[in-house]
Engineer: 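First the structure, which I've put down as structure tokens, then a few questions once you've had a look.
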There are 2 protein chains.
Amino acid sequence: MQNLANRLQLRDFRLVQAIADTGQLALAAERLAVTQPAASRLLARLESVIGAPLFIRHPKGMTPTPIGETLARNANSLLRSLDQTLNETGAAVSGRAGTVRVGSVTGGAVGFVVPAVQNLKKITSGADIHVDVAPSDVLINGLLHGEYDFVLSRIPAGTDPRQFSVKRGRVEVIRILVRRDHPLTRFGPLKPKYLEGWEWVIQAPHTPMRQAVEEVFYSSGISLPSEIVNTTSLLVMIGYLASTDAIAPITREVADLVAPDGSEGRFVALDLEEPIIINPYHLISLKTHTLSPLAIRLRDLIFEGFSTS
Amino acid sequence: MQNLANRLQLRDFRLVQAIADTGQLALAAERLAVTQPAASRLLARLESVIGAPLFIRHPKGMTPTPIGETLARNANSLLRSLDQTLNETGAAVSGRAGTVRVGSVTGGAVGFVVPAVQNLKKITSGADIHVDVAPSDVLINGLLHGEYDFVLSRIPAGTDPRQFSVKRGRVEVIRILVRRDHPLTRFGPLKPKYLEGWEWVIQAPHTPMRQAVEEVFYSSGISLPSEIVNTTSLLVMIGYLASTDAIAPITREVADLVAPDGSEGRFVALDLEEPIIINPYHLISLKTHTLSPLAIRLRDLIFEGFSTS
DNA sequence: AATCTGCATATCAAAATTGGTATGTGCATC
DNA sequence: GATGCACATACCAATTTTGATATGCAGATT
């Protein structure tokens with residue numbers, strides 16, 4: 001188990017992954033394009049190197065032992081890294097700019113990632129850019145699993161921040177979106193008590209925005225809205241607001257998109273007397289992972305956006 | 001360049017990393033513990049697989065090409081991941097890390113699980129330890145459903161013991177808890193007949209302890225207590241005993257906690273002339289379930305506790 | 001021009017890996 | 001108790017890998 005490092009091969013990880021995925025040695029063997037006995041021998045050798053069984057054999061297949069599970073987990077991220085390596089190297093060889101994968105929370109995507117990507121496109125050609133939009137916990141998880149080069153996200157509670165390299169971002173300020181002829185538009189900056197009694201369109205419970213809004217209700221001593229439509233879809237929100245007097249909290253970035261101040265659109269974004277602020281999101285990457293030049297470029301572009309908007 | 005995946009090996013990454021680090025093939029070769037020509041051949045093969053030169057040779061060494069740099073960067077994170085994998089797996093194999101879930105009956109939790117967990121913590125890092133306390137039937141059920149690695153429990157009637165691997169545990173001895181100025185404290189070891197006539201605080205009917213106590217009443221020919229408070233809550237028990245002359249049977253382990261011998265607390269634990277003994281509980285695990293090394297460690301520690309106390 | 005440094009190539013031998021076919025074995029299910 | 005499924009083992013052949021030594025070659029240095 002000591003000079004184990006040199007006795008392990010990529011193949012072993014592929015095998016573990018395949019068995020863990022399929023639950024059957026024969027299927028795993030097929031995936032590796034070898035016969036079942038060959039796979040059996042590979043596994044036997046691997047288990048002897050590790051010094052412990054990795055899978056328990058039942059009559060109908062195999063399931064991982066706890067050790068096998070940890071190994072399978074690691075095999076997954078290892079092989080994903082390898083995959084990325086191959087992509088990047090392949091891109092470099094054929095003269096393309098490469099690949100960058102970025103995850104973002106909604107507000108960040110609209111406000112920062114999209115313009116940064118547009119800028120990046122101007123100065124590179126053949127770059128392969130992936131943008132995911134997801135909640136913070138999903139993003140952080142993906143980052144840890146090597147699915148993203150970096151993410152624009154909050155740091156969820158309970159996450160060890162030491163493993164990340166963080167560039168601090170801007171806070172998200174909430175405004176209230178309503179249709180143009182909504183009664184609330186007659187007031188100036190909204191007091192909390194005005195928020196009571198309306199139907200709401202808002203993100204699911206436990207999302208940062210929902211929490212930030214609920215916090216205001218609690219601290220103002222007014223009761224939570226009883227009529228709520230839960231959605232993350234802007235389309236649904238707009239459709240709903242257009243035909244009812246419902247109100248919806250949105251970030252400033254989204255507000256600028258949907259209802260720019262001074263415009264004559266169908267919606268109006270109202271400010272609150274005391275602004276509601278969501279936990280800020282940051283540019284987060286893994287300390288252990290060195291970013292590709294392309295990823296660095298995109299990250300820097302996004303970061304520039306923080307200060308210039 | 002397509003079926004490249006299978007032609008790359010961990011070794012190749014080590015080589016690239018070593019060359020990038022040292023800038024010289026001979027030094028890199030040394031690091032990989034091979035001769036310079038061997039390293040040269042490795043590199044040549046790798047470059048032919050990739051289809052492009054990775055390093056430019058000059059008279060004083062090598063420097064990476066852009067592609068080589070890409071590869072070196074990825075090699076770094078890849079090998080770091082590998083290292084992490086090895087650590088984690090090694091920790092799992094040796095039982096320094098991992099997850100263990102254990103369920104226990106009350107007496108076992110206080111007497112054995114807690115000290116064993118404390119000992120286990122001394123030799124682990126980052127281990128994930130879960131302890132549940134519940135009645136035996138719940139524990140066994142949980143064990144069968146894979147919720148626990150093992151349990152410290154009795155074997156309920158009607159359970160097929162063949163599916164379990166059982167390490168016999170210790171018997172639970174009952175003492176009688178009363179407040180310090182209780183009349184019974186004037187006697188030496190209690191005879192059964194002294195137990196008659198008092199108000200009792202005791203667990204619900206059909207629990208092992210209740211059964212053990214009732215058994216004594218029957219066999220001694222004295223009548224069952226007529227005034228009974230049923231509770232499993234230590235808090236209720238103590239509150240009740242403090243203000244009345246009620247008496248309560250408790251296990252020795254709990255007694256050591258609440259009323260250590262020789263202490264001057266508010267309560268006294270009395271022994272019986274003929275000790276009352278409850279059905280013993282055992283260390284029970286599923287035959288079909290392989291325990292993680294960490295779980296085995298904890299189980300062994302608990303088992304040691306059986307014999308040394 | 002001689003030399004030195006550092007990488008590449010040639011050649012050979014040994015060993016390990018790889019992969020296949022055939023067959024054994026254990027456990028459930030019928 | 002027979003059958004089937006899934007994994008393990010045995011055995012054999014071929015290829016590949018691995019590594020060492022000796023040597024070649026090119027650019028730099030003196």
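Remember, it's a predicted structure, so these values are computed and weren't measured experimentally. All values below were derived from every heavy atom in this structure, side-chain atoms included, with hydrogens, water molecules and symmetry-related copies excluded. Residue numbers begin at 1 in each chain, while the letters A, B, ... track the order of the sequences.
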Engineer: Along DNA chain D, 5' to 3', what are the outermost nucleotides having an atom less than 4.0 Å from a heavy atom of chain A?
Structural biologist: D/dA6 to D/dC11

Engineer: Is it the case that more than 12 heavy atoms not belonging to B/Glu147 sit under 6.0 Å from its CD atom?
Structural biologist: yes

Engineer: Take the protein atom NE2 of B/His58 and the nucleotide atom P of C/dG6, then report the distance between them rounded to whole Å.
Structural biologist: 12 Å

Engineer: Drop me the distance from A/Leu86's CG to B/Leu8's CG, to the nearest 0.5 angstrom.
Structural biologist: 6.0 Å

Engineer: According to the side-chain hydrogen bond (donor to acceptor under 3.5 Å, both in side chains) rule, which pairs have a member within residues 134-146 of chain B, sequence neighbours left out?
Structural biologist: B/Ser136-B/Ser153

Engineer: Tabulate below the donor-acceptor pairs under 3.5 Å that side-chain atoms of residues 94-101 of chain B make, not counting sequence neighbours, or state none.
Structural biologist:
unit_1  : atom_1 : unit_2  : atom_2 : d
B/Ser94 : OG     : B/Gly90 : O      : 3.0
B/Ser94 : OG     : B/Ala91 : O      : 3.4
B/Ser94 : OG     : B/Arg96 : NH1    : 2.6

Engineer: In B/S/- notation, 5' to 3', how is nucleotides 16-30 of chain C contacted by protein heavy atoms closer than 4.0 Å?
Structural biologist: --BBBBB----SS--

Engineer: Would you check if A/Leu144 and A/Phe164 make a side-chain contact, meaning some heavy-atom pair closer than 4.5 Å?
Structural biologist: yes

Engineer: Kindly write out the residues that satisfy salt bridge (charged side-chain N to carboxylate O under 4.0 Å, His left out) with B/Asp21, not counting sequence neighbours, or none if the list is empty.
Structural biologist: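 Counting only residues at least two positions away or on another chain, B/Asp21 forms a salt bridge (charged side-chain N to carboxylate O under 4.0 Å, His left out) with B/Arg31.
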
Engineer: Partners of A/Arg297 by salt bridge (charged side-chain N to carboxylate O under 4.0 Å, His left out), sequence neighbours excluded?
Structural biologist: none

Engineer: Test of understanding: with side chain to side chain donor-acceptor pair (under 3.5 Å), list the residues that count as partners of B/Asn74, not counting sequence neighbours.
Structural biologist: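 A/Thr85, A/Glu88.
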
Engineer: Going by number, which of residues 68-75 of chain A have a non-hydrogen atom under 4.0 Å from DNA chain C?
Structural biologist: none

Engineer: Counting neighbours of CD on B/Glu214 that are heavy atoms of other residues, nucleotides or ligands and sit closer than 6.0 Å, is the number greater than 12?
Structural biologist: yes

Engineer: CG of A/Asp12 to CG of A/Leu42: how many Å apart, nearest 0.5 Å?
Structural biologist: 6.5 Å

Engineer: Report the distance from atom CD of B/Gln17 to atom OG1 of B/Thr22, rounding to the nearest 0.5 Å.
Structural biologist: 10.5 Å

Engineer: Once Watson-Crick and G-U wobble pairs under 3.5 Å are found, how is DNA chain C written in dot-bracket notation, 5' to 3', with | for any base paired to another strand?
Structural biologist: ||||||||||||||||||||||||||||||

Engineer: Which donor-acceptor pairs under 3.5 Å do the side chains of residues 50-58 of chain A make with protein atoms, sequence neighbours left out?
Structural biologist:
unit_1  : atom_1 : unit_2  : atom_2 : d
A/Arg57 : NH1    : A/Glu47 : OE2    : 3.0
A/Arg57 : NH1    : A/Phe55 : O      : 2.6
A/Arg57 : NH2    : A/Glu47 : OE1    : 3.0
A/His58 : NE2    : A/Thr63 : OG1    : 2.9

Engineer: Nearest 0.5 Å, what's the OG-CG distance between B/Ser77 and B/Leu82?
Structural biologist: 11.5 Å

Engineer: Residues two or more places apart in sequence or in another chain: which of them pass salt bridge (charged side-chain N to carboxylate O under 4.0 Å, His left out) with B/Arg299?
Structural biologist: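 Listed in chain order: nothing, the list is empty.
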
Engineer: Mind listing the residues from residues 16-29 of chain B sitting with a heavy atom below 4.0 Å of DNA chain C? Number order is fine.
Structural biologist: B/Gln24, B/Leu25, B/Ala26

Engineer: How far does CD of B/Gln36 sit from CD of B/Glu30, to the nearest 0.5 angstrom?
Structural biologist: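 B/Gln36 CD to B/Glu30 CD: 12.0 Å, rounded to 0.5 Å.
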
